[in-house]
Each structure stands twice: as structure tokens, then as C-alpha cells.
J.: 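Right, I'll just put the structure down here and ask away after.
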Amino acid sequence: MTSTTEQFADLSATTLLRFATAGSVDDGKSTLVGRLLHDSKSVLTDQMEHVEAVSQARGQEAPDLALLTDGLRAEREQGITIDVAYRYFATARRRFILADTPGHVQYTRNMVTGASTADLAVVLVDARNGVIEQTRRHAAVAALLRVPHVVLAVNKMDLVGYEESVFAKIAEEFTAYASDLGVPEITAIPISALAGDNVVDASANMDWYGGPTVLEHLETVPVSHDLTACPARFPVQYVIRPQSAEHPDYRGYAGQIASGVLRVGEAVTVLPSGRTSTIAGIDALGESVDIAWAPQSVTLRLADDIDISRGDLIAPSANPPATTQDVEATVCHVADQPLSVGARVLIKHTTRTVKAIVKEIPSRLTLDDLSQHPNPGQLVANDIGRVVVRTAEPLALDAYADSRRTGSFLLIDPADGTTLAAGMAGESFASKAETTVQADEEGWDF
Amino acid sequence: MTATVAHVHEGTDAPYALSHLDALESEAVHIFREVAGEFEKPVILFSGGKDSIVMLHLALKAFAPAPVPFTLLHVDTGHNFPEVLEYRDRTVEKHGLRLHVASVQDYIDAGKLRERPDGTRNPLQTVPLTEAIQSLKFDAVFGGGRRDEEKARAKERVFSLRDEFSQWDPRRQRPELWQLYNGRHAPGEHVRVFPLSNWTELDVWQYIAREGIELPEIYFAHEREVFLRNGMWLTAGEWGGPKEGETPETRLIRYRTVGDMSCTGAVDSDAATLDAVIAEIAVSRLTERGATRADDKMSEAAMEDRKREGYF
């Protein structure tokens, strides 16, 4: 029984990595996902038996690993992935949540969905084709969403004779491109998902490659470092007031720390009111603690009895965000109905939802060629563009570049509740190029 | 028990990393509080099964020291395990909660539902569930569904908008971005909420062990009279088994899921403690539903089809 206890202890100390995969239709993404799940022993017997039975019934020679990931009738009928699916697997070192996102151009919104919560994105290319438009599109979305780590998986190395020069050329081209977009960390790995080279096990066919396998990299890449290095942000979700005999005066502000670290005794400011107080206590789900950090859900008690409700933001007095009613942002349009200049919308930012109006749509980016179109008037499904939004009440907004949590927002249709757009406040990844000419291909400045 | 701070440096690669259980717990609590902040009348589906027990435990922690601001709802198929119903009532009592029960048997007795030829009552739950949601005007309904359970569930959002007929349309789901859950809905519509979306079966069991949560005893190895039907060990009883040609026998078993007795299979097991159960699941080569749920095997898209109709 000691082994059980040890195993339990080991498993409970593991961290969680959220990652997303992106790849074109025939790049072998499903095979890579299937290989990761299969070789990490995460596919169970009954699932595999099911895949084998269905593949056989369809007359396919080998089990179609895509059947592991295509969960909907329509997906199986069409043999494509139409929506994000979430997969779960674990090794002794780490637990993984994989957002498996479709590669079609028209599903850009799904890659945005998957990338929004990802610590890492795997961009897949076919070694025979190298960096293509779709690869650049995926790199651009990963950069836009500020995914901290990007893995370039150069797949189908078996079909190019496991040639180092083929890999090196693709890796160099992609790294240069993605670095220009501002992707902070890029790791290129030569693989064959079909043969299993460098996915879970190191390849015997590519002695020249000295780096990690895909799984080794996923197991060791650091997580959460960006959240706690930022100034603390605490959006108030809910006010806890038991008013019971046992707790007559308890008033706690419940929320999940969006970024940074909070300590008892720290001077804080409540936004947008600007009132100040001190953290008198932190209750971490029933236990009193002196310090807490993102992304912990806690309850704060303050020294002063001031008016605070859902939607307020508590931040260190030494480093609060600015408040504004004029939001400039990049948005990815995710709804079928268009977003036009003059549209009245709701903006949901952290726990606060306010009325807003779309004042301007200065530009729209075409992901196909990364060209930029000024003043398009409206954005349609899967468009990415710059917007200027005027809000009815001030928002305590950080730049998305500084905080994915307090710099992101949704635009919502007030009539039917549809999520219209995913918004990222502040300058975008390519805004440095605004100083150069717009006609230049590299001058797109959304 | 939950020494959050003690997790800081243990086996993690950064000073402020969270263990995976702490990260999942924090995310689930965030979801409970979002619903409390944005909805008028939420309800937790509570069956006395391990997932709903974990949900209730998380809700208790999320609002402590105040009480849970939600009522509970159970759809009783009439074929539930007596030990589980006893656990359910005891738990509701202990925490001073309010429980609504929607009864499949009442619907059958009133002629509003007809018993299926195979005796399975699990699919019959959908009507009492959706009618209870409509008549009691719940606008947010917490379910314990996990995306690791089944491939259609892997496509499910944390916040899942259902129309006035409680239907799920997987092609018309709202994209779910960051942790910004959009719960807006028209009158008559409601939102299904799945705080355990990102948990796996093993996570649930590890969390139960870490938090010291009590469970109905049928989750642990015990001797029981069972019989074999469609490859499942089903509990013998008045609900409809064994039939002719089915032989009851006493075996050492436990349950991985608890549900309707007509479709929930037992697994052979000598795991009598939490540690033993975790060890057993960690090496199991069968999924939870594959091992124990007959109703998911009815067709290639059985779960998707039931979800479209309003099932969880």
C-alpha cells in the first residue's frame, strides 16, 4: 500500500498545463493528438476498441485516430473537426488540458477560443510544404492572443527522408516570422506523428536532433510565471455576508485573483470609485492565509467598511490600473451577425458588464495575406480588426499585453445575448509597425 | 486538510505555481461565484453521486462562512440505490439545504411517460428534469458532467445555453473565451453550468481523498447480489432483474458511477478504501462510462442525441 500513497502524493503535486493545437486540414493534427494520447497511455481499451470497430466498419485498414477526437455526428460524417474539443491526459510530471482546435480558415474563432486559455500552442506544419499561409495565420493568432509558448511541430519528417536541412529551413523561417509578431518563446521539433518520432519517444531516425520530444517539452515548460509577476488585480465577484449569529459582522469580497500576489496588510484601492483601505484578512476557501496569488479563488476582508460590489476591482494602491471609458482594442469577431460602427453592445470585462457603443472600426486584418484594410465599416465572422468602443461607465482595464485576464473582454449583443467578439485591449502585437508605411506587406498595423 | 499554502514549493516548478487540484478547485469556485453573481434562481443537480457530492463541497467552500445560495434538484428514476438516497437526504439535512425531487415514477403513474421495453429508466429522466426546470423557473442548472466522460461531452461548454425546450445544439454554441462566461439568456431559456468540466475521474477521486469527503458506501468494495445483462453486472432487485435466464450471484464489487439501477453496472473490485480506489482507477484500462453505463452503448451518438433533447 505504500506505493499507492507515494503515487497519490506524486500525482497531487503535479501542475496543470493548458495547451492548444492548430494545424491545417491534412497536416496530421488528429494523428498527432491521437499519438500523444495513445503513446502517453491515455487512450483506454474501450475507447480504442470503439475506434477499431468503427474504422473496420468503414473499410479502413488502420484505426482512424481522428475518431478519438471528433465527437459530434456532423464531424464524423464530414471527417472534419468543426468545434473545439477538450482532451485530458496526464503523466507522472504533469496534467494536461488540450484544446483541440479545428484548422479551417472559417474556424479562426475556434482557434481564438482554444488559444485564449492556453499556456502553449502547438502549430503543426507538413515538412513537405513548409511554412504556408495557414501556418502564418496560426502564428498570428497565437501572437495576438499572447500565448506565452509556441511549439512548431514539423510533421511528416518520414516523408522527407528525416533530412535535417528540411527541418532547419522551416524552423528558421517560422522562428523569424513568429518572432517578428512578438511570440516570446518558440521551440521547433521535427516529428512524425504517424511513425511516432519525437512525439512521446525520442526518434532513432533523427540523430542530429538534440532537443526534447513534444511530450518532454510539454512536461517541462514553465507555467503561470506571467500571472504572478504582474501587479495584483482582484475583480470582485460576489459579496459574502452571512449575517448569522456566528458571523454577525463578516463581510468578504469573493473573487479569483486575476494576476499578481496579495498580502495581508497591503494598501489597496477599489476601482472605479477610488476608495482606499487595507487588506485585513485573506480567506483561502475556508482557511485564513497571509498571502495568495493568481489564479487562486479567495475572499478578501478589508479594514474599512466601504461600498464595494460585484464588478469592482481591488488593486494595490501602489499600482492600480487606469480607468477609461474609451477602449481601443483588437477584436476577433466570433458571431454570424456582423459588428458595425454605431452598434450598441454590452462589454463584459472581468466581473463587470456595461453598455457601450462601437465608435470606430479603424482597420480590418485579412489573415489570408495579413493585409490591412482601413475603415471596413463592419466586421463579420472570423474577422480580426481594431475597434474603438465608448463605454457608459469607466472600466479598470489593463493592456492585454500586460494581463490576459484584465485586458480581455467580450462584446455581447444586448438583444439576444450572443457573444459577438473577443476583445484584447491596448496596442496589438504588430502595432510597432504603425510607424512604417502601410502599403508595405510588413506594415499592417492592426 | 486543505493546506493551500503548503502546496507552494512541493514538486512544482515555480514559487507561485498551484498544484493541479488547487487550480481545478479555484476554477470551479470561480464558476460557482459567477453564477451566484449573475443569475436569479440557480439550482444544483444533486443525485448523491460522487460528482454532485464534489460540486456541493465546492459550493460550500465558495461561499463560506455563508450558506450555499442555491437549492438542490434530484431526478429520482425510482430505481435509485437506497444507500444513495439515504446519503442524499442526510446531506441535505446536514447543510440545511432545500431539495426538490422530480420523480420518474410519478410521471409513469400519471401516464405521462411509458416504461421502456428494456426497463431502462435513464432516458426517461429528461422529461421530469426539463419540466422541473421550467415550472420552478430555474435559470441556471449546475451539472456534474465532465468533458473526459464521453466524446460528445468533450464538446460541451462550461456555460451551455439551452432553449425553452432545454435543447442543446452543438453547432450553435457560444464560443467560450478566457474565463469570461456569458450567461445571458431570454426568459424561458436557461444555462447549464458545468464547474467540473476540466476534471477527470482521477481528479475527482484525488480531491475526495484530499478533502476527506464522505461518500455513499456503494463506491467501495462490498458483497452484493448481482446478475449479468448485456455484459454489465446489475444489482438484483424489484426494479426488474434478474429475468428468466439471468442468474443472480454474490460477488465482491463496487460502483464507479451511481445512477439508475437498470443501467449502472458494478465492477469487480476489492478496493475498500479511498487509497485503493485511486490505485485501481489509476491503472484501469476502461473509461468510467465504458465500464458501467449501458445506456451510452445504445448507439454511436447516444450521449449526443440525449444531450440534444435536454439531458445533461
Side-chain angles (χ1 to χ4, degrees), chain A residues 1 4-5 7-8 11-16 44-47 71-74 82-83 85-88 95 97 109 112-113 116-117 222-225 228 237-238 240-242 247 250 254 256 261 284-287 289 293 295-297 310 334 348 351 404-405 408-410 412 416-417 419 422, chain B residues 2 4-5 10-14 16-26 29-30 33-34 36-37 61-67 147-148 151-152 154-155 170-171 173-180 182 184-186 198 200 206 209-210 275-276 278-279 282 285-287 290-291 300-301 304:
Chain A
M1 276 293 111
T4 311
T5 314
Q7 183 186 35
F8 171 53
L11 286 170
S12 61
T14 56
T15 50
L16 191 60
L44 300 183
T45 309
D46 53 322
Q47 292 170 316
L72 301 175
R73 249 183 215 288
I82 57 173
D83 199 357
Y86 294 87
R87 312 279 154 207
Y88 304 83
R95 296 297 178 96
I97 300 176
R109 58 186 171 196
V112 169
T113 299
S116 72
T117 51
V223 287
S224 301
H225 53 84
T228 45
Q237 278 189 288
Y238 193 78
I240 293 175
R241 289 187 66 207
H247 303 280
Y250 188 97
Q256 187 173 25
V261 180
L285 304 183
E287 182 194 10
V289 295
W293 58 91
Q296 286 184 304
S297 281
R310 175 173 171 85
V334 296
K348 179 164 188 176
T351 55
R404 294 169 88 191
R405 193 108 188 207
S408 59
F409 60 84
L410 303 181
I412 295 171
D416 63 3
T419 299
Chain B
T2 26
T4 314
V5 175
E10 270 175 35
T12 57
D13 46 9
Y16 292 118
L18 290 187
S19 77
H20 82 280
L21 284 181
D22 284 330
L24 292 172
E25 179 186 60
S26 176
V29 164
H30 174 251
R33 290 166 168 180
E34 280 298 284
K61 290 185 87 168
F63 301 100
R147 291 182 183 134
D148 80 319
K151 57 188 182 301
K155 298 275 176 182
R171 301 195 81 154
Q173 301 190 90
R174 287 174 181 161
E176 204 150 77
L177 299 139
W178 298 286
Q179 288 80 15
L180 291 167
N182 178 358
R184 295 188 75 85
H185 58 283
N198 287 324
T200 64
Q206 288 187 322
R210 188 184 93 171
D275 267 2
I278 289 167
R285 299 306 302 156
L286 288 178
T287 62
E300 165 75 15
E304 180 182 345

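FYI, side chains are in, hydrogens and waters are out, and symmetry mates aren't considered; it's all heavy atoms of this structure. Reminder, nothing fancy here: chain letters follow the sequence lines and each chain counts from 1. Quantities reported herein were computed from a predicted structural model and do not represent experimental measurements.
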J.: Between A/Ile412 and A/Lys348, what is the shortest heavy-atom contact and its length?
T.: CD1-CB, 4.0 Å
J.: In chain order, what residues pass the salt bridge (Lys or Arg N to Asp or Glu O under 4.0 Å) check against A/Arg310, with sequence neighbours excluded?
T.: B/Glu34, B/Glu38
J.: A/Ser116: what forms a side chain to side chain contact (heavy atoms under 4.5 Å, CB included) with it, not counting sequence neighbours?
T.: A/Leu145, B/Leu177, B/Trp178
J.: With a 4.5 angstrom heavy-atom cut-off, is it the side chain or the backbone of B/Arg174 that approaches chain A, or both, or neither?
T.: side chain
J.: Out of A/Ile240, A/Asp416, A/Thr351, which one racks up the most heavy-atom pairs below 4.5 Å with chain B?
T.: A/Ile240
J.: Ignoring hydrogens, what is the shortest heavy-atom contact between A/Val334 and A/Thr419? Give both atom names and the distance.
T.: CG2-O, 3.5 Å
J.: By a 4.5 Å heavy-atom criterion (distance strictly below it), what part of A/Val112 contacts chain B: side chain, backbone, both, or neither?
T.: both
J.: Please look at A/Tyr250 and chain B and tell me whether the side chain, the backbone, both or neither of the residue comes under 4.5 angstrom of a heavy atom of that chain.
T.: side chain
J.: With respect to chain A, which residue among B/Ala64, B/Pro67, B/Ala23, B/Ala36 yields the maximal number of heavy-atom pairs within a distance under 4.5 Å?
T.: B/Ala36
J.: Work out which heavy atom in B/Val29 is nearest to a heavy atom in A/Ser297; give both atom names and the distance.
T.: CG1-CB, 3.7 Å
J.: For the interface with chain B, which of A/Ile97, A/Thr117, A/Val261, A/Thr113 has the highest count of heavy-atom pairs at distances below 4.5 Å?
T.: A/Thr113
